[in-house]
Structures are given as C-alpha cells and as structure tokens.
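Owing to the predicted nature of the structure, the values given are computational and were not obtained by experimental measurement.
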Amino acid sequence: MGNQEEKEKKIRGGIIAQVAVLFLMGTFVIGLTTFFFEQFVSEGTVKSQLSSMLDSIAAEVIVTVDEYPANEWLLDYWYENADEMDIEYDADYRPGTETEKKAAQFTQEHPDIQIEYATTEQITSLSAEDQKLYAEIVYSWLITRINEIKRIYDIDFLYCVLTDDTYSYQYFLFSAADEGAKRGTEFEEVYPIGHVVQVDSDELKNGMRTAAKTDGFLTPTGKYRDYYKYLNDVAGQTALIGVSYDTSRMMDRVNRQTVKDTVNVVVGLVVLAALCLLLLLVYVLHPLRKIQRNIRMYTKNKDREMVTSNLRELQLVNEMGQLSEDVITLAEEIDNYLEEIQTITEEKQRISAELSLASRIQADMLPSSFPPYPERTDVNLYASMTPAKEVGGDYYDFFKVDENHIALVIADVSGKGIPASLFMMITKIMAENAVTVDSMQSPAMIMEKLNEQICKHNKEEMFVTLWLGILDLKTGRVAASNAGHENPILKQPGGTFQVLHDKHGFVLGGMEGIKYNEYEFMMEPDSKLFLYTDGVPEATNENNELFGMDRLVDTLRDAQDETPEGILNAVNNAVEEFTGDALQFDDLTMLCVHYVGDQNS
C-alpha cells in the first residue's frame with residue numbers, strides 16, 4: 001500500500017513536468033517564430049516606405065530650389081561667397097526681419113525685377129553689391145521654406161551638401177532647422193553654410209556615389225537612415241539633397257506592434273494552459289500555500305525553528321519539496337544576514353563618527369577667528385569653506401609673513417572626500433612652511449619649491465590648483481603667482497568688482513621642474529579682493545545649469561559696499577538660491593580681503 005502511494009506521487013510529479021515542458025516548449029516555439037517572422041516582414045516594409053517618403057521630401061526640396069529661375073547661379077554664388085554673405089537664418093515670413101528689409105531695399109532699387117522670378121541674365125547684370133543682396137534674400141527664403149518642409153514631415157535633418165568624385169567630404173550649402181534649434185559645428189547640431197565634414201564611412205561614400213548616378217539611395221548611418229538625391233553640379237562638384245531620419249522611433253512602434261501580435265498568438269495558447277492549471281491546482285497549490293504561510297510566519301516573528309519543523313512535514317519528492325528545502329535554507333541565510341547587517345550598521349556608525357571628527361579637525365586647521373587681526377585697522381579679512389562631503393579638498397589660508405606682509409592662499413585639490421582632505425592638509429602645511437621659512441622668496445619661487453615637494457611624494461598622482469599672493473600692508477602692493485587656479489576678482493576704490501585675468505601656471509603636483517610666473521597689482525586704500533574655488537561658478541541647479549562667472553560678478557557688485565563677511569554671505573545666499581534642492585557637487589571656498597590702508601598717510 002505504501003509503495004502504491006509512493007508510485008502515485010511520482011506519476012503526479014511526472015505529469016506536472018510533462019505538461020509544463022509541453023506548454024513551455026509550444027509557447028516558446030510558436031511565439032518566437034511569430035515574433036521573428038513579423039519583425040522580418042515589418043522591417044522590409046518600413047525600409048520601402050521610408051525610402052519612398054524620404055525621396056518625396058528630397059524631391060520637394062529640389063522643386064523648391066528650381067522655383068528660382070537663377071537657381072544654378074545661386075548655388076554657385078552661395079558656394080563661392082559663403083564667408084562673405086550676411087545670412088539671417090530662420091527668418092520666417094513675419095514682418096520686421098532683416099530679410100524683409102533687404103527685400104524691400106532690393107525692390108525699391110530694382111522695381112523691374114521680381115525677386116522670385118529673377119533670371120540669371122537679370123542678376124548678372126547687377127552690381128556685385130546687389131548680386132550679394134539678392135543671394136542673401138533668396139538664401140534666407142529658401143531656409144525658411146525647407147524649415148517648413150522639415151517640420152511638416154518631422155524629420156531629423158534636411159540639408160544640401162557638395163562633394164567631389166572621391167565622396168570623402170561633405171560641404172554643407174544649406175540646412176533646415178527646427179524653431180529655436182542651435183546652429184553649430186558639433187555632431188547632431190544644425191550645420192551653417194560652409195561647414196565641412198569628413199566622410200570616413202565607406203558605406204556612406206557608396207551611398208552618395210550611388211545617389212549621384214541614380215535617382216536616389218538610402219544608406220544607414222548609425223541610428224539614422226540617410227537618403228541622398230542628386231540636385232545639380234556646382235563649381236565642379238556634385239550637389240546632393242540629404243534627408244536624415246532617426247528610425248528608432250519608427251522601429252519602436254513596429255516592435256511594439258510585433259510584440260502585440262506575438263502576445264495575441266500566445267494568448268491563443270491559454271486553452272492549453274487550462275490543463276496545466278488544473279494539474280497545478282491539485283499537485284502544487286496546496287503545498288505551495290503551506291510554504292507561503294510559513295514564509296509569512298517567518299516574516300512576522302523570525303521563528304526559524306518553527307518554520308523548519310512545519311516544512312519538514314511536507315516530505316515532497318517533487319519541486320515543492322525542493323522549494324521547501326530552499327525556504328529552510330533561505331531562513332538560515334536571512335538569520336545570518338541580519339547578524340551581518342547589525343555588524344555593518346555598527347561599523348557605519350563608527351565610520352560616521354570618525355568622519356565627523358575628521359570634519360572638525362579639518363575645520364580647526366583653517367583660520368576661523370574673525371576678524372583675524374583685531375589690533376589692525378588697515379586690513380580686514382573673512383573666509384569660509386563649505387565641503388561637498390563630510391570633508392573637502394578646498395582650503396583657504398592667510399598668515400603674517402612679517403609685521404607688514406600677509407600671505408593669502410586659496411587652493412583646490414583634485415578629487416573629494418578623505419583623500420582630498422588629507423592631500424589638502426599636507427599642501428597647507430607645506431605652503432605655509434615654504435612662505436615662512438624664507439620670507440624673502442618671491443611667490444613664483446615659493447610655487448616652484450612647493451611643486452617639487454608635492455611631486456616628490458605623489459604616487460597617487462593627485463594635483464592641486466593654488467593661488468598665492470603676498471600683500472604689503474604699507475603700500476597695497478600684491479605679489480602673486482597662480483598655479484592653474486581661478487582668476488581673482490578685484491574692486492578698486494570708486495570702481496566695481498572686475499575679474500583680474502592673471503598669468504596661469506601649471507597645477508602643483510602635475511609635473512616636476514615647472515617654472516611659474518609672478519605678477520603684481522596694486523590695491524589702493526579701500527580696495528577689495530575676492531578669491532574663490534571653482535565650486536562657486538560651477539555650482540549647478542536642478543536643470544544642470546551653472547551658476548557661472550557672470551552671476552558671481554553681478555552678486556559681488558551688488559554687495560560691494562558690504563564687509564568681507566557680508567560679501568561672502570551674499571555669494572553664499574545667491575548660490576543657495578540658484579541651486580535650490582540640487583545636491584552640492586563641489587566644495588565652496590571663498591576668501592575676501594578689504595585693504596583699508598594707512599588712514600594717517
């Protein structure tokens with residue numbers, strides 16, 4: 001009797017396996033066959049329809065060009081005088097455009113010539129200046145028309161190119177653009193007249209060669225399909241109308257439809273699934289529910305021993321038995337994992353505490369008592385650093401070289417976090433030592449010595465940008481040197497903040513043996529000097545826009561009558577308002593010096 005029950009269990013397990021395999025194999029084969037067949041047919045149809053559509057677009061552009069009786073003269077003139085023409089792109093037909101003014105001027109000077117119907121003989125009889133005016137008017141009108149064609153057909157690029165019999169380059173004669181689109185020379189920008197692109201693809205060369213000899217040709221170029229159609233010969237070169245279309249959108253629609261059709265076929269197999277479901281309900285669902293209840297029990301109270309005892313009672317020899325064993329193993333693994341998580345959490349708390357301590361240590365390394373020289377009335381300073389992480393790689397420093405000279409330092413170490421902060425502290429110590437050991441050294445000599453010291457022990461190949469200036473408190477003379485750092489911003493009495501474009505040297509730690517430039521400038525009494533790291537102008541908002549130098553200078557000018565502390569607060573507030581909820585990407589470090597001067601002199 002016991003043997004008979006065991007046999008029935010094995011048979012039931014075999015039936016489940018057979019039905020599952022049959023259903024899976026049938027569904028897979030039929031669905032896969034349907035998918036690839038539909039995709040093959042659809043791709044062929046898309047290619048044929050796309051070629052026909054792009055050919056009609058190119059033909060429409062050719063008709064637009066041919067509408068001007070002097071079109072051959074125009075093509076030659078545009079090519080030969082591209083650099084001299086004053087072109088208004090995207091002029092549109094609205095009143096008040098430069099093109100409309102030019103057309104009115106031309107009509108007034110030559111009332112017997114209709115611009116749209118002017119012949120080559122009429123145009124060549126004009127002066128060179130009037131020929132140029134006519135060519136500019138028609139070019140802007142043509143651009144406006146092909147812009148409309150591009151927008152109507154919703155294509156990606158529409159243009160005319162010239163090439164020779166090697167087909168190794170494309171000289172762009174005119175290009176259509178969407179409203180507000182940027183014209184430039186970068187890839188996927190709308191190219192202006194005269195831009196030349198080298199053609200390296202043999203496939204594209206063959207496509208242009210075929211188009212020049214036949215009625216048109218469609219060729220793949222990356223994610224685009226380019227269609228070329230012969231227009232005319234221009235200055236010994238072949239002029240082709242080009243239409244580029246991003247087929248990914250069309251293929252997405254085709255693929256969605258293919259998937260939809262495949263799904264419809266698969267749905268037809270649901271009848272077969274009914275048999276499988278019937279068997280699964282009887283032989284799988286009951287033990288699966290028991291496993292499910294025990295999983296929920298474990299989720300609620302984490303009683304692994306109770307779950308193990310309940311699942312051992314199933315004693316199944318099919319996949320459900322294996323699943324119950326897997327659940328038991330998983331419960332054991334989860335218990336072990338929770339213990340590991342607790343250990344990791346404790347470790348993270350320890351690391352967080354150490355980072356907090358490191359942040360305080362770093363802050364203590366920087367001058368933080370303001371005003372720093374309360375006994376002096378000839379100078380006032382204020383500085384701040386806001387790291388992007390717990391610790392940062394920026395730093396500022398200022399210290400007396402002697403009774404009448406103050407060294408000013410601001411620097412930005414490559415990278416962020418703990419490595420950058422360690423490198424920062426080392427650089428700060430070395431910089432201060434380099435200045436104070438021999439106060440007679442020039443800033444350039446100090447930079448060279450500091451660069452050699454950093455390069456000597458820099459296996460990680462980190463670097464630092466640094467600006468060093470030594471302010472003479474008696475005269476206001478500043479001797480400075482710049483190792484790849486941001487330009488200082490200076491306000492003289494009676495003026496406003498202006499960027500001081502100084503001579504940059506190479507970054508510190510980048511290469512041994514570098515020589516650095518030194519320069520001087522005067523700070524008249526009541527002058528203010530603002531130093532900063534790139535984290536200020538490169539602060540980014542949620543739209544990925546930069547704060548920028550223009551906003552920085554405007555903010556400084558608005559707050560130019562404030563104290564150094566007030567100026568830094570104004571900049572900080574402006575940056576925070578600009579960035580909003582965007583994460584701080586880089587350290588923000590600033591130093592402002594107000595040179596009051598000797599009031600008794």
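One N or O on the side chain of T119 and one on the backbone of Q122 form a donor-acceptor pair closer than 3.5 Å. At least one donor-acceptor pair under 3.5 Å links the side chain of N71 to the backbone N or O of Y68.
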Please determine whether side chain to side chain contact (heavy atoms under 4.5 Å, CB included) holds for the pair E72 and T120, giving the CA-CA distance in whole Å, both sets of side-chain angles, and the decisive distance to 0.1 Å. CA-CA 8 Å; E72 293 184 0; T120 301; 5.8 Å; no
Could you give me the CA-CA distance, side-chain angles and deciding distance for E461 and S414, then say whether side chain to side chain contact (heavy atoms under 4.5 Å, CB included) is met? CA-CA 10 Å; E461 299 183 349; S414 61; over 6 Å; no
Step-by-step salt bridge (charged side-chain N to carboxylate O under 4.0 Å, His left out) determination, R151 to E148: CA-CA 5 Å; R151 293 162 190 167; E148 290 180 345; over 6 Å; no
Chi angles and distances behind the side chain to side chain contact (heavy atoms under 4.5 Å, CB included) call for K528, F497: CA-CA 8 Å; K528 292 176 182 178; F497 276 103; 3.9 Å; yes
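At a threshold of 4.5 Å between non-hydrogen side-chain atoms, the residues F463 and I454 do not count as touching. Contact annotation: the side chain of T238 approaches that of D233 to within less than 4.5 Å [non-hydrogen atoms, C-beta and beyond]. Counting heavy atoms from C-beta on, the side chains of Y153 and L158 never come closer than 4.5 Å.
Between F106 and H110, the two ring planes are tilted [angle within 30° to 60°]. Note: Y159 and F172 have tilted aromatic rings, judged against thresholds of 30 and 60 degrees for the angle between ring planes. Using the six-membered ring where Trp is involved, Y89 and Y139 have ring planes that are perpendicular, over 60° apart on the 30 and 60° scheme. Using cut-offs of 30° and 60° on the angle between ring planes, the pair Y191 and H195 is tilted.
Shortest non-hydrogen contact noted between P493 and S527 is CD-OG, 3.3 Å. The two residues N482 and K503 have their closest heavy-atom pair at CB-O, 3.7 Å. In plain terms, the two heavy atoms of V536 and M590 that are nearest each other are CG2-CG, 3.9 Å. L240 and M208 make their closest contact through CD1-CB, 3.8 Å (heavy atoms, listed as atom of the first residue, atom of the second, distance). Across every non-hydrogen atom of I567 and C592, the tightest pair is CD1-SG, 3.9 Å. The shortest non-hydrogen separation linking G535 to L588 is O-CD2, 2.9 Å.
Between the side chains of Q498 and T496, at least one donor-acceptor pair of N or O atoms lies under 3.5 Å. Defined by atom type and a distance below 3.5 Å, a donor-acceptor pair is present between the side-chain atoms of Y169 and Q237. Side chains of D394 and T589: a donor on one and an acceptor on the other come within 3.5 Å. Side-chain N/O atoms of E88 and S140 include no donor and acceptor closer than 3.5 Å. If you check the side chains of Q170 and Y228, you find a donor sitting under 3.5 Å from an acceptor.
Atom CD of Q560 is surrounded by more than 12 heavy atoms from other residues, nucleotides or ligands within 6.0 Å. More than 12 heavy-atom neighbours from other residues, nucleotides or ligands sit within 6.0 angstrom of CD on E520. Around CG of D581, the count of heavy atoms belonging to other residues, nucleotides or ligands within 6.0 Å does not exceed 12. Atom CD of E542 has more than 12 neighbouring heavy atoms from other residues, nucleotides or ligands inside a 6.0 Å radius. Around CD of E116, the count of heavy atoms belonging to other residues, nucleotides or ligands within 6.0 Å exceeds 12. Counted within 6.0 Å of CE on M511, heavy atoms from surrounding residues, nucleotides or ligands total 12 or fewer; the atom is thus considered open. The environment of I152 atom CD1 is dense: over 12 non-hydrogen atoms of other residues, nucleotides or ligands sit within 6.0 angstrom.
E60 has no carboxylate O lying under 4.0 Å from a charged side-chain N of K229, or vice versa, which leaves the two without a salt bridge. Ionic pairing of K132 and E136 is present here: one or more N-O contacts between side-chain nitrogen and carboxylate oxygen are shorter than 4.0 angstrom.
In this structure, N543 CG and T579 OG1 are separated by 12.0 Å, a value rounded to the nearest 0.5 Å.
Of the listed residues (H504, H485, E486), just one forms a side-chain hydrogen bond (donor to acceptor under 3.5 Å, both in side chains) with T465, and that residue is H485.
The six-membered or imidazole ring of F530 lies near that of Y532, with a centre-to-centre distance under 6.0 Å.
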